[in-house]
Enquirer: 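Below you'll find the structure I mean.
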There are 2 protein chains.
Amino acid sequence: MDHYQTPLDPIFHALADPTRRAVVQRLGRGPAPVKELAAPFDMALPSFMKHIGVLEEAGLIASTKQGRVRTCRLSPDGLAAAERWFDEQRAIWASRYDNLDNLLTTLGGETDET
Amino acid sequence: MDHYQTPLDPIFHALADPTRRAVVQRLGRGPAPVKELAAPFDMALPSFMKHIGVLEEAGLIASTKQGRVRTCRLSPDGLAAAERWFDEQRAIWASRYDNLDNLLTTLGGETDET
DNA sequence: CATATAGTTAGCTGTATGGATCACTATCAG
DNA sequence: CTGATAGTGATCCATACAGCTAACTATATG
């Protein structure tokens, strides 16, 4: 049961770029062909395609080619993996505050919450 | 109304490295001096300090120096900013499904919004 | 068939990144 | 004062990254 986790490095790396985050955001509204995705950006197509490649490698998007058009869509698993990491962190802080709370409680001898 | 938002680029970039994520995770359990943070990693101190620098620049951690010891602690704002981005994305997907729902409803001939 | 469209492949380039070393400062312990 | 400890600062190096152009393939379309 190895719970094979999506590697976070490429996911966060992919998200560390405004162009790529914008693409993710746009795809959140639904699938789109590369050409349309590229339109808002002042960038040569090959350069833009690299971003698509990075996103796809990271498992954040998926794409299929039909005729000469490649359509991209969001693949929520990647995002979910990243969110999971944040959840873990929050769990850690939480347990820390619990401990602090326990400590204070122990020291104070009484739990007064107001 | 500029709502000066913490820039996401450096935050995600900082998180795109296992060493740095590990540091964040460790600091989630409470503050620690650099030396202690560096211990688990097989890396020269100056190299490790760069990671600390990246995290601090990104606003993910803060540090203060007392005597010759620099103590680092988590600064939750950075993490929060990143999480906020995920929240936005989820909101977008959600509205998309809403639209799909509306569309289907419209096609069905009735607008029912509970 | 001729041409436009949508990607793809293959380089090239400047800058950033992650690592190392060496030399240095500043503090604490005897 | 002497030495050890905890960071800093200043390079240096190899690799990765983000952008470019130019040339190519493959699919529509007139």
Side-chain angles (χ1 to χ4, degrees), chain A residues 6-27 30-75 78 82, chain B residues 6-27 30-75 78 82:
Chain A
T6 318
L8 292 171
D9 286 33
I11 294 180
F12 282 125
H13 170 245
L15 293 177
D17 180 288
T19 301
R20 292 192 290 252
R21 279 198 309 279
V23 168
V24 167
Q25 188 149 341
R26 182 126 176 188
L27 288 179
V34 170
K35 193 70 190 313
E36 189 185 316
L37 288 173
F41 305 100
D42 185 19
M43 192 183 294
L45 233 220
S47 310
F48 183 79
M49 287 299 291
K50 275 195 197 172
H51 288 298
I52 297 294
V54 169
L55 286 167
E56 199 159 4
E57 280 288 307
L60 289 166
I61 72 171
S63 73
T64 46
K65 196 169 178 181
Q66 177 119 281
R68 59 184 164 171
V69 173
R70 176 172 296 280
T71 302
C72 303
R73 75 203 67 252
L74 217 54
S75 118
Chain B
T6 318
L8 292 171
D9 286 33
I11 293 180
F12 282 126
H13 171 246
L15 293 177
D17 180 289
T19 302
R20 291 191 292 252
R21 280 199 308 281
V23 168
V24 167
Q25 187 150 341
R26 182 122 173 192
L27 287 180
V34 169
K35 191 71 192 313
E36 189 184 317
L37 289 172
F41 305 100
D42 184 19
M43 191 183 298
L45 233 220
S47 310
F48 183 79
M49 286 300 291
K50 278 195 194 172
H51 288 297
I52 297 294
V54 169
L55 286 167
E56 200 158 5
E57 281 287 308
L60 289 166
I61 72 171
S63 73
T64 46
K65 197 168 178 180
Q66 178 120 280
R68 58 185 165 168
V69 174
R70 175 171 297 281
T71 302
C72 303
R73 76 205 65 250
L74 217 53
S75 117

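Naming: A, B, ... by sequence-line order, numbering from 1 per chain. Worth knowing before you read on, the calculation uses all heavy atoms, side chains too, and leaves out hydrogens, waters and symmetry mates.
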Enquirer: Rounded to the nearest 0.5 Å, how far does CG of Asp9(A) lie from CG of Leu15(B)?
Expert: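 Rounded to the nearest 0.5 Å, the CG-CG separation comes to 10.5 Å.
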Enquirer: Nearest heavy atom decides the nucleotide; on that basis, is Gly67(A) or Val69(B) closer to the 5' end of DNA chain D?
Expert: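 The residue mapped nearer the 5' terminus is Val69(B).
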Enquirer: My understanding is that only one of Leu27(B), Leu74(B), Ile11(B) makes a side-chain contact (heavy atoms from CB on, under 4.5 Å) with Leu60(B); could you say which?
Expert: Ile11(B)
Enquirer: What are the two closest heavy atoms between Arg73(B) and Pro31(B), and how far apart are they?
Expert: NH1-CG, 3.6 Å
Enquirer: Rounding to an integer number of Å, can you tell me how far Lys35(A) NZ sits from dT8(C) P?
Expert: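 Distance check: Lys35(A) NZ to dT8(C) P gives 13 Å.
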Enquirer: Distance check needed: dA6(C) P versus Arg68(A) CZ, whole Å only.
Expert: 6 Å
Enquirer: Throw together a table of side-chain donor-acceptor distances under 3.5 angstrom for residues 36-53 of chain A, partners on residues two or more places apart or in other chains.
Expert:
residue, atom, partner, partner atom, Å
His51(A), ND1, Arg20(A), NH1, 3.2

Enquirer: Can you check whether Pro10(B)'s main-chain N or O pairs, donor with acceptor, with Glu57(B)'s side chain at less than 3.5 Å?
Expert: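 No, because the side chain of Glu57(B) does not come within donor-acceptor range (under 3.5 Å) of the backbone of Pro10(B).
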Enquirer: Tell me: CZ of Phe12(A) to C1' of dC17(D), nearest whole Å?
Expert: 20 Å
Enquirer: Find the distance Glu36(A):CD to dT5(C):P and express it as a whole number of Å.
Expert: 17 Å
Enquirer: Need to verify one output field. Residue with the more 5' nearest nucleotide on DNA chain C, Met49(A) or Lys65(B)?
Expert: Met49(A)
Enquirer: Report, one pair per line, the protein and nucleotides 18-22 of chain D atoms (nitrogen or oxygen only) whose separation is under 3.5 Å.
Expert:
residue, atom, partner, partner atom, Å
dA18(D), OP1, Arg20(A), NH1, 3.3
dA18(D), OP1, Arg20(A), NH2, 3.0
dA18(D), OP2, Arg20(A), NH1, 3.4
dG19(D), OP2, His51(A), NE2, 2.2
dG19(D), N7, Lys50(A), NZ, 3.2
dG19(D), O6, Lys50(A), NZ, 2.5
dC20(D), OP2, Ala44(A), N, 2.8
dC20(D), OP2, Ser47(A), OG, 2.7

Enquirer: Shortest non-hydrogen contact from Ala58(B) to Ala14(B)?
Expert: CB-CB, 4.0 Å
Enquirer: CG of Asp9(A) versus C1' of dC17(D): gap in Å, rounded?
Expert: 15 Å
Enquirer: Does Arg70(B) place a side-chain N or O at less than 4.0 Å from the phosphate oxygens OP1/OP2 of dT8(D)?
Expert: yes
